[in-house]
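Beneath this line is the structure, given in structure tokens, with notes to follow.
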Amino acid sequence: MALEPPDDNDDLLPCGNGEDALARHLMAGRTTDHEAGCAHCRSAARDLEPLISVLREPPDEETTAPVGLVDDVMRIVRSERRNTRTLTLGGAGPGTTEIRESAVATLVRLSARDVPDVLVGRCRVRRTPDGLVVSLTVLVVVGTPIVEAAERLRRTVRALLEERLRLAVPRIDIDVTGLVEPG
Amino acid sequence: MSGERHEVTAPSFVPDTALPEPVLVERAQDGDDSAFEILLRRHQDTVYRITLRILREPGDARDAAQEALITAWRKLPTLREPAGFGAWLRRIAGRRALNVLRARADTDPIDEESAPDLPGREPDAEVLAGDLREALSRALSGLPPSQRTCWVLREMEGWGYEEIAEVVDATPTAVRGRIHRARAHLVKALAPWR
């Protein structure tokens with residue numbers, strides 16, 4: 001074997017050049033001056049040549065996932081819904097009306113679409129003696145005044161929950177986790 | 001939701017499929033499976049390519065990809081940095097493929113420590129003219145699972161040692177050693193093509 005020494009800590013060629021570095025340079029088609037002139041490097045490069053050539057060959061076609069892969073996964077995912085907690089809504093009855101927290105989160109996100117320049121990520125709701133506490137993470141479009149945008153979002157979400165679900169919303173916590181480019 | 005509708009009704013409206021990845025990840029972490037589905041459609045080709053390159057058998061690669069994606073759903077709440085979703089998913093795919101390889105090695109008589117060399121016969125002219133890629137594929141199947149995974153992730157997928165180390169559960173130094181040994185094996189197997 002031309003490539004020595006086979007030590008876990010050190011795969012240097014006898015000249016001190018790294019074997020991996022040489023392979024990287026050959027793959028990129030850009031060897032260093034040392035590699036072009038050094039006998040050890042040139043010998044190693046000859047050994048590597050078939051391997052490098054097959055790696056540099058472009059694939060016949062891009063690998064694409066088999067049809068139906070995502071559908072199969074989603075069938076299992078949907079059978080494992082993780083948040084099935086519900087909130088009980090008021091109403092004259094008789095009978096009870098409950099809504100899943102996940103449905104409340106969906107409603108919140110849909111309402112947030114009307115608020116320009118903010119994107120809602122996480123939405124958690126928590127029942128407290130005073131009503132529903134909502135926690136949101138949002139991304140804000142660069143250049144948007146953040147305090148004003150958060151206020152608009154808070155007003156919109158509160159109005160939705162109070163009007164549609166008749167739930168008191170004592171507080172909405174908004175965590176701006178990042179900024180996004182417009183468009 | 002179509003792009004047309006977006007433009008006509010509300011200029012600020014972003015269709016879900018165009019949402020930035022961290023937003024989709026956070027929604028999926030909340031249990032929003034439609035957000036997760038969008039993420040899967042974005043990343044499925046990469047995940048499958050990784051499992052196929054490691055396993056080299058489409059049926060096994062599909063199964064491994066499917067298991068990796070389901071694992072990702074189950075572990076998603078533990079992902080700390082939503083922006084790192086793609087890399088995190090790739091690591092799960094690599095790990096899943098490695099486990100399949102190891103299960104195969106348990107049933108096949110391949111010794112993890114000493115990879116058998118290819119049969120030492122001289123390839124004839126026809127084989128020489130044949131596909132070098134096919135020869136590489138045969139040579140790879142002679143490598144122990146971890147060596148093969150390290151080599152594929154490094155040389156075909158371009159990963160760094162640290163990232164590979166996480167997948168094969170070893171130190172970056174050990175990864176470097178495995179790639180070195182794998183490369184030596186492959187160089188030897190492809191020697192007739194020099």
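All values reported here derive from a predicted model rather than from experimental measurement.
When the candidates A/Val138, A/Thr177, A/Ile52, A/Thr137 are compared by the number of heavy-atom contacts under 4.5 Å with chain B, A/Thr137 comes out ahead. In terms of heavy-atom pairs under 4.5 Å with chain A, the best-connected choice from B/Met156, B/Arg154, B/Arg49 is B/Arg154. The greatest number of non-hydrogen atom pairs below 4.5 Å with chain B, out of A/Val120, A/Val54, A/Val77, is found for A/Val77. Comparing A/Arg46, A/Glu62, A/Glu49 by how many heavy-atom pairs each has under 4.5 Å with chain B, the most go to A/Arg46.
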Next on the checklist: Working note: B/Arg183 + A/Leu48, criterion side-chain contact (heavy atoms from CB on, under 4.5 Å); need CA distance, chi angles, decisive distance, verdict.
Outcome noted: CA-CA 8 Å; B/Arg183 193 182 284 139; A/Leu48 286 167; 3.6 Å; yes
Checklist entry - Does the salt bridge (Lys or Arg N to Asp or Glu O under 4.0 Å) test come out yes or no for A/Asp71 and B/Arg41, once each step is laid out? => result CA-CA 10 Å; A/Asp71 296 331; B/Arg41 295 202 185 279; 3.0 Å; yes
Next on the checklist: Apply side-chain contact (heavy atoms from CB on, under 4.5 Å) to residues A/Arg24 and B/Glu155 and explain how you reach the verdict.
Outcome noted: CA-CA 9 Å; A/Arg24 294 270 85 66; B/Glu155 302 289 43; 2.3 Å; yes
Checklist entry - Given B/Arg176 and A/Asp20, is the salt bridge (Lys or Arg N to Asp or Glu O under 4.0 Å) satisfied, shown in steps? => result CA-CA 9 Å; B/Arg176 182 193 285 265; A/Asp20 194 67; 5.8 Å; no
Checklist entry - Yes or no on salt bridge (Lys or Arg N to Asp or Glu O under 4.0 Å) for B/Asp30 and A/Arg109, after CA distance, side-chain angles and deciding distance? => result CA-CA 12 Å; B/Asp30 255 9; A/Arg109 289 195 194 105; 3.2 Å; yes
Item to check | CA sep, side-chain torsions, deciding dist, call: B/Lys188, A/Asp47, salt bridge (Lys or Arg N to Asp or Glu O under 4.0 Å) | outcome: CA-CA 8 Å; B/Lys188 201 167 169 186; A/Asp47 290 346; over 6 Å; no
Next on the checklist: Evaluate A/Leu51 against B/Leu136 for side-chain contact (heavy atoms from CB on, under 4.5 Å), listing each step before the verdict.
Outcome noted: CA-CA 8 Å; A/Leu51 196 52; B/Leu136 173 64; 3.6 Å; yes
Item to check | Intermediate values then yes/no, side-chain contact (heavy atoms from CB on, under 4.5 Å), B/Gln66 and A/Ile76 | outcome: CA-CA 10 Å; B/Gln66 177 167 333; A/Ile76 294 165; 3.8 Å; yes
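At a threshold of 4.5 Å between non-hydrogen side-chain atoms, the residues B/Tyr48 and A/Thr64 do not count as touching. Between A/Ser102 and B/Asp32 the shortest side-chain heavy-atom distance does not fall below 4.5 Å.
The line from OG of A/Ser53 to CZ of B/Arg194 is 12.0 Å long, rounded to the nearest 0.5 Å. Here CD of B/Glu26 is found 11.5 Å from SG of A/Cys123. Values are rounded to the nearest 0.5 Å. Summarising the geometry, atom NE2 belonging to B/His180 is positioned 5.0 Å from atom CD belonging to A/Glu19; distances are rounded to the nearest 0.5 Å.
With salt bridges taken as basic N to acidic carboxylate O contacts below 4.0 Å, one links B/Glu37 and A/Arg78.
In A/Arg171, the CZ atom is not crowded: 12 or fewer heavy atoms of neighbouring residues, nucleotides or ligands sit closer than 6.0 Å. Heavy-atom neighbours of A/Arg126 CZ from other residues, nucleotides or ligands within 6.0 Å: at or below the threshold of 12.
Only the side chain of A/Leu55 comes within contact range of chain B, with at least one heavy atom under 4.5 Å from a heavy atom of that chain. Interface remark: A/Val180 contributes side-chain atoms only to the contact with chain B (heavy atom separation under 4.5 Å). Neither the backbone nor the side chain of B/Arg53 comes within less than 4.5 Å of any heavy atom in chain A. Contact annotation for B/Leu69: both backbone and side-chain heavy atoms come within less than 4.5 Å of a heavy atom of chain A.
At a threshold of 4.5 Å between side-chain heavy atoms, the hydrophobic network of Ile, Leu, Val, Met, Phe, Trp and Tyr places A/Ile174 and A/Ile146 in one connected group. In the hydrophobic clustering of this structure, B/Ile70 groups with B/Leu40; members are Ile, Leu, Val, Met, Phe, Trp, Tyr whose side-chain heavy atoms approach within less than 4.5 Å, directly or through other members. Taken together through direct or relayed side-chain contacts under 4.5 Å among Ile, Leu, Val, Met, Phe, Trp and Tyr, B/Leu52 and B/Leu153 form parts of separate hydrophobic clusters. In the hydrophobic clustering of this structure, A/Leu89 groups with A/Val134; members are Ile, Leu, Val, Met, Phe, Trp, Tyr whose side-chain heavy atoms approach within less than 4.5 Å, directly or through other members. Under a hydrophobic-cluster definition in which Ile, Leu, Val, Met, Phe, Trp and Tyr are linked whenever side-chain heavy atoms come within less than 4.5 Å, directly or via other members, A/Val133 and A/Leu153 are assigned to different clusters.
The two atoms that bring B/Arg62 and A/Pro66 nearest to each other are CG-CG, 3.7 Å, heavy atoms only. Nearest heavy atom pair, residue B/Arg27 against residue A/Gly121, reads CG-O, 3.2 Å.
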